[in-house]
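Each chain gets a letter, A, B and so on, in the order the sequences are listed, and its residues count up from 1.
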Amino acid sequence: MSLKIYNTMSGAKEEFEPLVADTVTMYVCGPTVYNLAHIGNARPVVVFDTLFRLLQTQYGSVTYARNITDVDDKIIAAAKEGDRSIESVTDEYTAKYREDMAQLNALPPSLEPHATHNIDAMIELTSTLIEKGHAYESQGHVLFAVESMEDYGKLSNRSIDDMLAGARVQVADYKRHPGDFVLWKPADITDPGWDSPWGRGRPGWHLECSAMIRAHLGETIDIHGGGRDLIFPHHENEIAQSRCAHGGDYVKYWMHNAYLDIDGEKMSKSLGNFRTVRDLLQSYRGEVLRFALLSAHYRSPLNFSVELLEQARSNLDGFYGTLREVADMEIDVDVPLADEPFYQALNDDLNTPLAIAELHALAKQLNKAAAEDKPQLKARIIAAGNLLGILGQDPEEWLQGDAAADAISAEAIETLIQERVDAKANRNFARADEIRDSLLAEGVVLEDSREGTQWKRG
RNA sequence: GGCUCGGUGGCAGAGUGGUAAUGCAGCGGAUUGCAAAUCCGUCAACGCCGGUUCGAUUCCGACCCGAGCCUCCA
């Protein structure tokens with residue numbers, strides 16, 4: 001069972017083969033830390049976290065780097081607006097980003113390089129590009145000369161001429177060609193800046209990823225991921241920087257996720273139609289958000305809505321309900337992943353919706369399995385859940401734990417259930433139903449069985 | 001204008017050159033004191049028009065509709 005990945009560069013699914021046997025290097029573009037992450041920003045995090053988990057099942061060494069962009073115009077603007085230091089802005093939002101992503105069950109990446117910790121590498125890269133004739137200094141800026149690169153535009157499949165046709169490239173008198181992009185720009189005395197051969201300044205947006213990949217992962221990496229909107233110009237320009245500086249390949253497999261839509265439109269900061277993860281966590285647990293994000297294939301747009309979240313929750317409740325029935329069952333059963341349909345689904349370019357469908361099939365089997373078959377089915381469900389980053393909680397806690405601040409307490413519920421058991425024993429069904437209805441009004445659902453009454457918050 | 005990507009049942013969402021997964025919702029049944037949960041069954045879909053083919057939802061072409069990138073954006 002081998003992994004297939006859709007490579008943006010070739011436009012086709014390819015067999016995944018790492019450059020070095022049993023070793024995978026992966027880099028995903030992380031946040032610019034000047035505000036809270038929205039749920040659209042969380043999609044690549046969840047998608048590539050799932051890939052990270054999958055890779056770890058088949059390669060001995062998997063290094064996953066996700067950067068923190070902590071120098072940028074928007075950060076400077078946010079600091080000025082809040083009348084606070086750059087560091088207090090970036091520290092706050094870096095911490096909040098980590099917290100939010102942890103709520104989504106995203107594992108911490110192996111490395112989390114900060115742009116400001118790698119300025120030397122960026123200056124060095126810029127110098128190399130100038131030496132090799134791919135960059136030039138102009139009015140305090142250093143710019144990459146796109147015309148100096150033979151196949152610039154290959155990733156996004158556009159030519160330099162095409163870009164001019166759009167006539168939306170920023171024209172600036174310090175550029176030789178309108179498509180040239182900034183490697184290094186001068187900094188105002190009040191702005192953050194670093195001394196460089198070209199004066200005090202700061203790096204352009206694209207530079208950090210090229211420099212940090214080179215510094216932390218090597219000249220060529222296996223997988224580089226991010227949102228579709230990064231294909232151009234960001235990733236295109238990374239390729240230009242790295243290939244022109246070092247020669248050789250930069251990235252073997254390019255992966256790009258589609259975005260979240262709201263009412264058929266892209267969710268984005270500039271459109272203002274976004275919901276922050278932090279805000280959504282007030283109403284939905286992180287695992288629900290994660291499940292919702294995985295319910296569509298990562299290369300397809302996903303329409304984000306209340307209905308989607310309710311379906312995600314309903315699905316998870318079902319799985320946890322199944323697991324609650326076998327909560328005390330030991331599962332020291334080996335699960336040969338290669339044979340598992342959910343594993344095969346994930347290996348096919350991370351087909352998470354199909355993997356979830358296979359999870360449903362397993363749950364159904366478990367619900368009606370003979371006792372001796374249950375442990376292995378439970379083990380398989382847990383194994384699938386681990387890969388998807390779900391179903392890791394105690395089922396009872398999941399089903400009973402999602403209580404609002406003013407909700408009825410577990411103790412009060414148990415007391416009423418006991419009273420209802422007594423009423424039923426006396427065949428006082430009117431009282432029993434009255435108790436059940438009153439609990440339902442509190443959002444508590446009772447489930448009677450031969451073994452007794454269970455409850456959950458619905 | 002250039003370059004991408006889509007349009008599958010009420011909703012979400014896989015997939016395939018030949019009976020179109022799965023989930024949610026609906027309906028019927030089993031079970032239950034009645035429910036819930038579970039199980040069984042069931043209704044219902046491939047944008048439009050051509051072409052290739054024995055056969056197309058799937059391949060090709062045109063068209064309609066939608067989204068995205070080309071500017072900060074996951």
Please classify the nucleic acid contact of [X] as base, sugar-phosphate, or nothing, using heavy-atom distances under 4.0 Å.
X	result
A:L230	sugar-phosphate
A:A37	nothing
A:S295	sugar-phosphate
A:F429	base
A:R324	nothing
A:N367	sugar-phosphate
A:I356	nothing

Does [X] place a side-chain N or O at less than 4.0 Å from the phosphate oxygens OP1/OP2 of [N]?
X	N	result
A:N351	B:G15	yes
A:N157	B:U4	yes
A:K364	B:U22	no
A:W205	B:C73	yes
A:K266	B:C69	yes

query = Roughly how many Å is it from CZ in A:R228 to C1' in B:C5, rounded to a whole number?
reply =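 Spelled out: CZ on A:R228 to C1' on B:C5 is 5 Å.
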request  = Rounded off to whole Å, could you give me the CG-to-P distance for the A:D448 and B:A35 pair?
outcome  =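 Those two atoms, CG and P, are 12 Å apart.
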ask   = Under 4.0 Å between a Lys/Arg side-chain N and an Asp/Glu carboxylate O for A:E358 and A:R380?
value = no
query = Is the shortest side-chain N to carboxylate O distance from A:D402 to A:R285 below 4.0 Å?
reply =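 A salt bridge is present here (some side-chain N lies under 4.0 Å from a carboxylate O).
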query = A:K456 has a side chain; which of B:C24, B:A35, B:A37 sits nearest to it?
reply =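 The listed nucleotide nearest to A:K456's side chain is B:A37.
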query = Between B:C24, B:A14, B:U22, which nucleotide gets closest to the side-chain atoms of A:Q311?
reply = B:C24
key: side chain to side chain donor-acceptor pair (under 3.5 Å), paired with A:Y250, selected from A:H235, A:E238, A:Q241, A:R243   =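 Looking at A:H235, A:E238, A:Q241, A:R243, the match for A:Y250 under the side chain to side chain donor-acceptor pair (under 3.5 Å) is A:E238.
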ask   = Closer to the 5' end of RNA chain B via nearest nucleotide, is it A:G321 or A:E265?
value = A:G321
message = On RNA chain B, compare the nucleotides closest to A:S156 and A:A296; which residue's is nearer the 5' end?
response =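 Going by which nucleotide is closer to the 5' end, it is A:S156.
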